[in-house]
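Numbers restart at 1 for each chain; the letters A, B, ... are given by sequence-line order, proteins then strands.
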Amino acid sequence: MIRERVQASIDRCFALGIEQGLWTDAAASAYTVEESRREGQGDYATNLAMVVAGLEKRRPREVAESLLGLLIDASGVNSAESAAAEADNLFAKVEVAGPGFVNCFIRPEVWHSVIPEIRRQGAEYGRSQLGRGRKVLVEFVSANPTGPLSVGHGRQAVLGDAIARLLSATGYVVTREYYYNDAGRQMRVLGESVRARYLELLLWPFTFPEDGYQGEYIREIAQALVTEQGEALTTVTDYAPFTRKAEEVIFADINHTLARMGICFDNYYNERSLYQQGLVDDVVAALREKNLVYELDGALWFKTGELGLEQDRVIIKSSGEPTYRLPDIAYHREKFRRGYDWLVNIFGSDHIATIPDVLAGVKALGYDPERVSTVIHQFVTLVRDGKPIKMSTRKANFVTVDQLLAEVGVDATRFFFLMRKADSQLEFDLNLATRQSQENPVYYVQYAHARLCSVFRQAARQGLGSTSEVALDYGRLELAEELMLLRTMAAMPALLASAAQALEPHRLVFYLQDLAARFHGYYNRHRLIGDDPGLSRARLALAEALRVVLANGLKLIGVKAPEKM
RNA sequence: GCGCCCGUAGCUCAGUUGGAUAGAGCAACGGACUUCUAAUCCGUAGGUCGCACGUUCGAAUCGUGCCGGGCGCGCCA
C-alpha cells in the first residue's frame with residue numbers, strides 16, 4: 001500500500017521529467033523502488049537516476065539531483081512548510097545518496113496508518129487480488145498407493161499445500177489435485193506381494209516376487225484379509241483382489257497422514273480414467289495428425305527431437321502399452337481443457353527428466369507451455385546426532401511421515417519443510433526440531449504470538465481492553481523500533497504476492513522469523529503496558545496488529561498460532 | 001560423456017530477480033528475570049560469496065570456462 005504510493009509518486013516525477021526534457025522515456029519500467037536495507041538510508045530508495053544515467057551516458061548524481069528537485073516540488077518536503085503540504089504527502093525527507101540513489105524517508109504518520117488498516121482487515125490482512133480469480137491447478141504428492149508416505153513425500157506435501165495456500169491468499173482460485181495410477185506394474189507387484197504374505201500367514205506355499213514390497217505394512221494388509229476373508233482367497237491366482245485391498249488400506253493411510261498435517265485435496269485424478277474416456281488415444285491421434293509421431297521397431301515414437309529436445313521418445317512400446325509420457329501429456333492437456341489458466345506441478349528432483357517431454361506434448365497440442373510451472377524440490381536428509389539417517393526405498397527401511405509427525409509434531413514438521421527453498425537439499429535436524437525450548441525456530445515464532453496474547457490478557461486485567469480508533473493516539477509511537485515494526489508489517493502484502501508468484505513459501509517463513517525477532521527485541525527493551533495510559537493503548541494497538549500479522553502468516557504455512565505456551 | 005540443481009561464517013541456510021558497508025539461526029564466549037511469559041533479549045567473535053576471466057556506473061546475483069557435490073539421462077514411473 002505505502003510502497004505503491006511511493007512508487008506512484010516517483011512514477012509521476014519520472015513522467016514530469018520527460019515533459020520537462022530532463023530525460024527520455026528510455027528508463028520507463030526499468031527502474032525500481034525498493035525498501036532500503038540499511039539504517040539511515042531512508043525507508044525506500046529508487047535507482048531511477050542510475051538507470052537513466054546508464055542509458056543516456058550521464059552522471060548519476062546529476063540526474064538524481066534533478067529527480068530530487070521534482071520530488072521536492074511535488075510534495076513540498078525538506079521545507080519548513082512540509083507539514084502544511086497536501087494531506088497525502090508521504091515524505092518527511094528525500095535525499096541523494098551513494099552512487100545516485102534517491103532515498104525517501106516516510107513520515108511517521110504514514111507508518112502509523114498501518115495499524116488501523118491491519119485492525120480493520122484482520123484475518124484478511126496481507127491477502128490480495130493479484131491472481132484476479134484465475135484458476136490454478138496445483139498438483140502435488142501424486143504418490144501411487146504402494147506404501148506409506150516417506151519423508152520425501154512429506155516435503156512435497158507441505159510445499160504443495162503452502163503454495164496452494166499462498167496462491168489462494170493472493171486471489172487465485174486454487175484446486176489441489178492428487179494424480180495417481182492404480183493400474184501399472186507397481187500395483188501388480190504390490191498385489192503379488194500381499195498375496196504372498198497372505199499365503200504365508202495361512203501356511204500355504206508361496207513365492208515372494210523378486211522386487212516385491214518388503215515393508216511390514218504388507219503383512220498388516222495380508223493379516224486384514226485373513227481376518228476378513230479367512231482362507232477364501234487361497235485358491236485365487238489373480239492378484240487383483242489383493243491389489244484392491246492394498247490400495248484401499250494404503251490410500252486410507254496416506255490420507256490419514258495428510259490429514260494429520262492439515263492437508264486435504266479437492267480432487268484425486270486417476271490415470272485410468274484417461275484411458276477409459278479415450279483421452280490417451282485422442283492425444284495419439286492428434287499427434288499423428290500433426291505428423292509428430294512415427295513407428296520404429298514396433299514402437300510409436302514422439303518427434304521430441306523436432307520440438308527442440310535432444311532425442312525422440314517412445315510413447316507406445318512395442319508391447320502396445322503406453323509409456324508414462326503419453327498419459328502425462330494427456331493429463332496435462334486435460335487440465336487445460338478443464339479450464340485452468342495456470343498449472344503448477346510439484347515434483348521431486350528425480351522426475352526432472354519427464355518435464356521437457358510433457359511440455360513438448362503440451363505445446364504440440366496447442367497449449368502454452370509457459371502456463372505450466374514446475375517446482376522441483378531436492379531430497380530430504382534426516383539428521384540425528386549430527387549423522388544422516390540412511391534410507392532405502394527398496395528395503396523399506398525409510399522413515400515415514402507418520403513416524404516423523406510422531407517424533408517432532410505437525411508444526412515443527414511443516415515449519416522445517418518450509419524453511420528451505422525447494423531448490424536446496426533439505427537437512428532435517430531431528431534434534432533441533434524436537435527441542436522443546438530455546439533454539440527451535442518454530443517455537444520462536446509461535447512464542448511471539450503467545451507472548452502477545454499474554455500481554456492482552458494482562459491488559460484486560462488492568463482494564464485496558466480493546467480501544468476504539470478514535471481514542472488512539474498513534475503519534476505516541478515514535479521509537480525507531482516501533483516504526484521499524486510498522487514498516488515490516490506494511491511489507492507483508494507485497495511479500496505474500498511475490499512469494500506466491502515465485503511459488504516460494506520459504507520467503508514467508510523467513511519473514512515470520514524476522515518479524516518475531518523484531519518483536520522479541522522490542523518487547524525486551526520496552527514495556528507495552530506502563531504508567532501512561534495513552535502510550536499503553538497505542539502500543540497495545542501496535543501489538544494487536546503484530547498478532548494479526550503473525551497469525552495470518554502462520555496460518556498460511558499451516559502452523560498453529562497458540563495463545564499460550 | 002550430456003542435461004537440470006546446488007556451492008555464501010565452524011554447521012544449516014537466507015539474500016527482495018543487478019544496488020550502497022554480504023545477513024540469520026545453530027554451535028562458541030560474556031552479560032540481562034522482585035515489573036506484561038527468559039521457549040526471550042543484549043554484546044563479542046566468525047567471510048577470498050568454490051576458482052578464473054568477462055559484461056557495466058555497480059556482480060553473491062548475469063555470461064563463458066574450470067573444480068567439487070546432488071538428481072536425472074529406458075520400449076521403468
Report each atom pair, protein N/O against N/O of nucleotides 49-51 of chain B, whose distance is under 3.5 angstrom.
none

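- Among residues two or more places apart in sequence or in another chain, the side chain to side chain contact (heavy atoms under 4.5 Å, CB included) test is passed with A:Ala353 by none.
- Counting non-hydrogen atoms under 4.0 angstrom, A:Asp297 reaches a base of the nucleic acid.
- Remark: A:Ala45, A:Asn47, A:Met50 in residues 45-62 of chain A come within less than 4.0 Å of RNA chain B through at least one heavy atom.
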5'-to-3' dot-bracket of RNA chain B (Watson-Crick, G-U; under 3.5 angstrom; crossing pairs as [ ]; | other strand): (((((.(..((((.....[...)))).(((((.......))))).....(((((..]....)))))).)))))....
Stepwise side-chain hydrogen bond (donor to acceptor under 3.5 Å, both in side chains) check, A:Thr24 with A:Glu56: CA-CA 8 Å; A:Thr24 69; A:Glu56 301 181 11; 2.8 Å; yes
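- Comparing B:C71, B:C36, B:G19 by their nearest atom to the side chain of A:Glu34 picks out B:G19.
- Among B:G19, B:C75, B:C13, the nucleotide with an atom closest to any side-chain atom of A:Phe101 is B:G19.
- Here A:Lys317 reaches the OP1 or OP2 of B:C76: one of its side-chain N or O atoms lies under 4.0 Å away.
- Side-chain proximity of A:His351 to the nucleotides B:G19, B:G15, B:A77 is greatest for B:A77.
- Annotation: A:Phe251 is in aromatic contact with A:Tyr178 [ring centroid separation under 6.0 Å].
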Cut-off 3.5 Å, no hydrogens considered: what does the side-chain donor-acceptor table look like for residues 490-502 of chain A, sequence neighbours left out?
residue	atom	partner	partner atom	Å
A:Ser498	OG	A:Ala494	O	3.4
A:Ser498	OG	A:Leu495	O	3.1
A:Ser498	OG	A:Arg507	NH1	3.3
A:Gln501	OE1	A:Tyr172	OH	3.3

Protein-to-nucleotide contact annotation, 5' to 3' order, nucleotides 2-11 of chain B [B base; S sugar-phosphate only; - none; under 4.0 Å, heavy atom]: S-BSS-----
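- Side-chain atoms of A:Tyr523 lie closest to B:C36 of the nucleotides B:U40, B:C75, B:C36.
- Phosphate proximity of B:G19 to A:Arg38: absent, as no side-chain N or O sits under 4.0 Å from OP1 or OP2.
- The side chain of A:Tyr447 contributes an N or O atom lying less than 4.0 Å from OP1 or OP2 of B:A39.
- Shown here, B:U17 is classed syn by the O4'-C1'-N9-C4 or O4'-C1'-N1-C2 angle, which is within 90° of 0.
- Residue ring and nucleobase are not stacked for A:Tyr444 and B:A39 under a centre distance beneath 5.5 angstrom and an angle between planes beneath 30°.
- Contact annotation: side chain of A:Asn103 to base of B:A20, donor-acceptor pair present below 3.5 Å.
- Qualifying side-chain hydrogen bond (donor to acceptor under 3.5 Å, both in side chains) partners for A:Ser66, counting only residues two or more places apart in sequence or in other chains: none.
- For residues 488-497 of chain A, proximity to RNA chain B is found at no residue, defined as any non-hydrogen atom under 4.0 angstrom from a strand atom.
- A side-chain hydrogen bond (donor to acceptor under 3.5 Å, both in side chains) check over residues 527-536 of chain A, counting only residues at least two apart or in different chains, returns the pairs A:Arg476-A:Asp532.
- Listed by chain and number, the residues in a salt bridge (Lys or Arg N to Asp or Glu O under 4.0 Å) with A:Glu407 are A:Arg384 (sequence neighbours excluded).
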For nucleotides 28-35 of chain B, print each protein N/O atom paired with a nucleotide N/O atom at under 3.5 Å, atom names and distance only.
residue	atom	partner	partner atom	Å
B:U35	O2'	A:Arg527	NH2	3.3

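- Residue A:Met565 has its side chain nearest to B:A39 when only B:A39, B:U40, B:A77 are considered.
- Between A:Tyr443 and A:Tyr447, a ring centre-to-centre spacing not shorter than 6.0 Å is recorded.
- Listed by chain and residue number, A:Ala143, A:Leu149, A:Ser150 satisfy the side chain to side chain contact (heavy atoms under 4.5 Å, CB included) test with A:His153 (two or more places apart in sequence, or in another chain).
- The phosphate of B:C71 (OP1 or OP2) has no side-chain N or O of A:His377 nearer than 4.0 angstrom.
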